[in-house]
Amino acid sequence: MRIDTRSKDNGAILHLNGKVIGDGVPQLKQAIEERINSGADWLIIDLAEVPLMDSSALGTIIAAFLKLRERNGKLVLLNARENILDVLAITKLDSLFEVYDDMQVALESIGS
Amino acid sequence: MERTDHKGEVVLSVPSEDKYIYLLDLVISYAAKEMGFDEETTQQVNLAVIEAGTNAMKHGNGNDPGKAAEFRFRIAEDKLTIFVKDCGSGFDLESVGDPLSPENFMRPCGRGIFLMNALMDEVEYNMDENSGTEVRMVKYKNRED
């Protein structure tokens, strides 16, 4: 799994590439924590190139969502594939996360 | 990895380390292709087995590389049966919280078993203090919905 991070204003966009499973999960956790610890107020996680994500990866994203929310920040998802949308629906996490399929709309949602 | 063609069964035994999940992913893809599953079903089986494998390695074997997690993929005309076995003494299924309940909903963990149940047609556990814990999961070919 590869993660390309792009800082923008007071936040960051994480482009994930590959299946987020196994030791890809701690890799994601580290990338997210680095951004949050360096003061990011918002994160957009781009899942366009993620064919599969396990529940541990979901948990990592939930933890980041909660941390950012504590500081009045925001985390949104972008370009999630159908099977990942299905998992979000099954777990009802689609009621927690905002999911966008357009970068500009996602940026507007976090006020950037 | 040992393949027993005559039984239509693929057997995989891996150390309990996260990196081997990728190997598991490859075998699931192979089994799903042999079954002729569509993409959606393949991803459902893939995620369910990865969740079971992660549980076996982490909770059953304590992420101890000296303890193997064993996987058997039994390919039949109408269904794919997957057995996932660890060295643990099992757990109380009743104590596994519902991730949809208000008290658990925001918890970062505890969705693996829920997803396995949601994505597979059958899931059952066989727990034995001496021989370990085995989960058996089934996906039928003609119940793709």
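Residue numbers start from 1 in every chain, and the chains themselves are labelled A, B, ... in the order their sequence lines are given, proteins ahead of strands. These values consider heavy atoms only, across backbone and side chains, with no hydrogens, waters or symmetry-generated copies.
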Out of B:Met57, B:Glu51, B:Lys19, which one racks up the most heavy-atom pairs below 4.5 Å with chain A? B:Glu51
Is there a path from A:Ile44 to A:Phe97 through hydrophobic residues (I, L, V, M, F, W, Y) whose side chains come within less than 4.5 Å of each other? no
Neighbour count above 12 (heavy atom, 6.0 Å) for B:Glu124 CD: yes
What part of A:Arg69 lies closer than 4.5 angstrom to a heavy atom of chain B: side chain, backbone, both or neither? side chain
Separation between OG (B:Ser29) and CG (A:Leu52), nearest 0.5 Å, reads 9.0 Å
Quick one: do B:Met35 and B:Ile28 end up in the same hydrophobic cluster if we chain Ile, Leu, Val, Met, Phe, Trp and Tyr together by side-chain heavy atoms under 4.5 Å apart? yes
Taking A:Ile45 as the starting point, is it possible to reach A:Val76 by hopping between hydrophobic residues whose side chains are less than 4.5 Å apart? no
What residue, out of A:Leu93, A:Leu66, A:Asp86, A:Val87, has the most heavy-atom pairs lying under 4.5 Å from chain B? A:Leu93
Nearest-0.5 Å distance that lies between atom CD in A:Glu82 and atom CD in B:Glu39: 11.5 Å
Chain A contact via B:Leu119 - which portion, at a heavy-atom distance below 4.5 Å: side chain
More than 12 foreign heavy atoms under 6.0 Å from CD of B:Glu103: is that the case here? yes
Measuring from A:Asn83:CG to B:Gln44:CD, what's the distance to the nearest 0.5 Å? 9.0 Å
Enter the distance from B:Leu100:CG to A:Ser95:OG here, rounded to the nearest 0.5 Å. 9.5 Å
Using a cut-off of under 4.5 Å for heavy-atom pairs, which of B:Phe114, B:Tyr20, B:Phe105 has the most such pairs with chain A? B:Phe105
Say whether A:Met1 and A:Leu78 are linked into one hydrophobic cluster, either directly or through other cluster members, by side-chain heavy-atom distances under 4.5 angstrom. no
Atom NZ of A:Lys74 with >12 non-hydrogen neighbours under 6.0 angstrom: yes
Stepwise side-chain contact (heavy atoms from CB on, under 4.5 Å) check, B:Glu17 with A:Asp23: CA-CA 8 Å; B:Glu17 292 182 79; A:Asp23 56 9; over 6 Å; no
Please say yes or no: joined through hydrophobic side-chain contacts below 4.5 Å, possibly via intermediate residues, are A:Leu47 and A:Val105 part of one cluster? no
In Å, rounded to the nearest 0.5 Å, how long is the span from OG of A:Ser56 to NZ of B:Lys58? 5.5 Å
Near B:Asp98 CG, under 6.0 Å, is it more than 12 heavy atoms from other residues, nucleotides or ligands? yes
With a 4.5 Å heavy-atom cut-off, do A:Lys19 and B:Ile50 have their side chains touching? no
Between A:Met53 and B:Leu47, is there a side-chain heavy-atom distance shorter than 4.5 Å? no
d(B:Asn55 CG, A:Ser55 OG) to nearest 0.5 Å is 7.0 Å
Contact winner vs chain B - A:Ile90, A:Asp54, A:Ile62, A:Ile21, heavy-atom pairs under 4.5 Å: A:Ile21
